[in-house]
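Have a look at the structure below before the remarks.
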Amino acid sequence: MRYQPIIGLEIHTQLKTQSKMFCSCASQYFGKEPNTQTCPVCLGLPGALPSINQMGVEQTVRVGLALGCTIPEESKFDRKNYFYPDLVKGYQISQYDMPLCQHGYLDVDALGKKKRIRILRAHLEEDTAKSLHEKDPVTGESYTLIDCNKSGVPLLEIVSEPDLRTMEEASAYARKIRQIVRYIDASDADMEKGQLRFDINVSIGIVEDDEVLGENDLPKQHTPIVEVKNLNSFRALEKAVDFEIKRQIEEYEQTHELYHAGNKTTRGWDDVKEVTVHQRSKEEASEYRYFPEPDLPPLHLARDYVEKLRSELPMLPEAKAKQLAECCGLKLSDAVLLVAEKEDANWFDQAATGQSQVLVGEMAKWLLGDIAFFLKENNLGVSQSKLTPEHLRELASLIQSGEISGKIAKEILPDVLEKGLSPKSVVESKGLKQVSDVGEIEKVIDAVIAENAKIVAQVQGGKPEAVMFLVGHVMKKTRGQANPPMVQEMMRKKMGL
Ligand SMILES: [Zn+2]
């Protein structure tokens, strides 16, 4: 017998629209005074009528298409009824049995393995209000305030099949979803603003020795399903998955309790203690008393409309990386890094378009090396930095043409990156041009030979590899400005090698 974690993910992401899902209040609420972006509809006042925000539907369909989903012709909204302080109407407008997107997939790379994760559905709903838990400074009494600015913001829920088997797969899947919704501009998915949240479903499969399982097959028996709600960061997601796997194996070894219909529980995540805590036995779907939203018409999605949206989707990161690798002879793994964020990918496009493979290779090398290091230190994307595509191209050209060495390039980088200066101007103002003048280099070589009789004797006495010491001395004497391949060639000639 062995244990096999079974993990499913529900990802909530706020969609990028001007106004909320069912009213005309602004959907951008971050940093706004509480309850200033509300109206009778999103406050849930009696008699207020919702209307559908077309952009919300469009963004949902775009995400669905990017995830390989089927977009049914007919869809509708339903009421999900439950009582919670942050749900002002007493119900949430969501989608139950006819979601906008069904049966998609996402290929993820985790632990060096590619795996296809099936997506069950993606449906559109409205976000809830926000509870603020406060404490009276005088009496010490706790109380809760409600901010309805978030209430009614379009929210997309993407539900995976329980195909994930490790924390690494869950993390890779969640990260890739975020990358895609950002790439197609359907959501900013800014986790610090709460625009992307995860719920995980975890149980442990009990796999018998003679049980043969395909990649996405479920073991015949598994432990009760535990849902951990409202994880707000990748770190929390990863820690919570790890914690639940361990906790459930320990629990199973004591209780031997297996899943049967009904024994599901919901747990919360304590970010400080890094543990999950029991909240409640999970409500079954029937307890939400779903029924069609009577105030909204059903949705009909014309095929040509869906195909138009499909044709307008931008190239996705995977395809973009492949294209970049093919056109410019880059390693695919390098190309993947270069296009990870859409803005950075566009930035690199600007630098690379129309340039030779050699130059693009040189640009990529610096961008993924010293420049990446600088950007990481400063927590910047290249598109947010002072480096311009033109300056990167200039830097690569200077190196390629032999005007500066790699060493000089490193020396001028801080000025280029921090002050936004052009590499050419820094080279000129600091007098750092690489010396490629044969006469000048020869003078230095002769001096070095004269000063290092001992090494010269070694080279000529059967230790040709010692010539590199002499080359090193020349580079030092020229403060790294001599053209290294030239120095090497000339020195070898002088030594008769
Ligand atoms: Zn409103």
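We count ligands from 1, going down the list as the structure has it; atoms in each ligand are counted the same way. Since this is a predicted model, take the numbers as computed values, not measurements.
- Lys76 NZ: more than 12 foreign heavy atoms inside a 6.0 Å radius.
- Under a 3.5 Å cut-off, the side chain of Lys20 and the backbone N or O of Ser151 do form a donor-acceptor pair.
- Between the side chain of Asp163 and the main chain of Arg118, a donor-acceptor pair closer than 3.5 Å is present.
- Not one N or O on the side chain of Gln37 forms a donor-acceptor pair closer than 3.5 Å with the backbone of Ser27.
- Ring pair Tyr252/Tyr3 is perpendicular by interplanar angle, where above 60° counts as perpendicular and below 30° as parallel.
- Taking a cut-off of 2.8 Å, the protein N, O or S atoms nearer than that to the Zn ion (ligand 1) are Cys23 SG, Cys25 SG, Cys39 SG, Cys42 SG.
- In this pair, Tyr290 and Tyr288 present their aromatic rings perpendicular. The plane angle is above 60°, beyond the 30 to 60° band.
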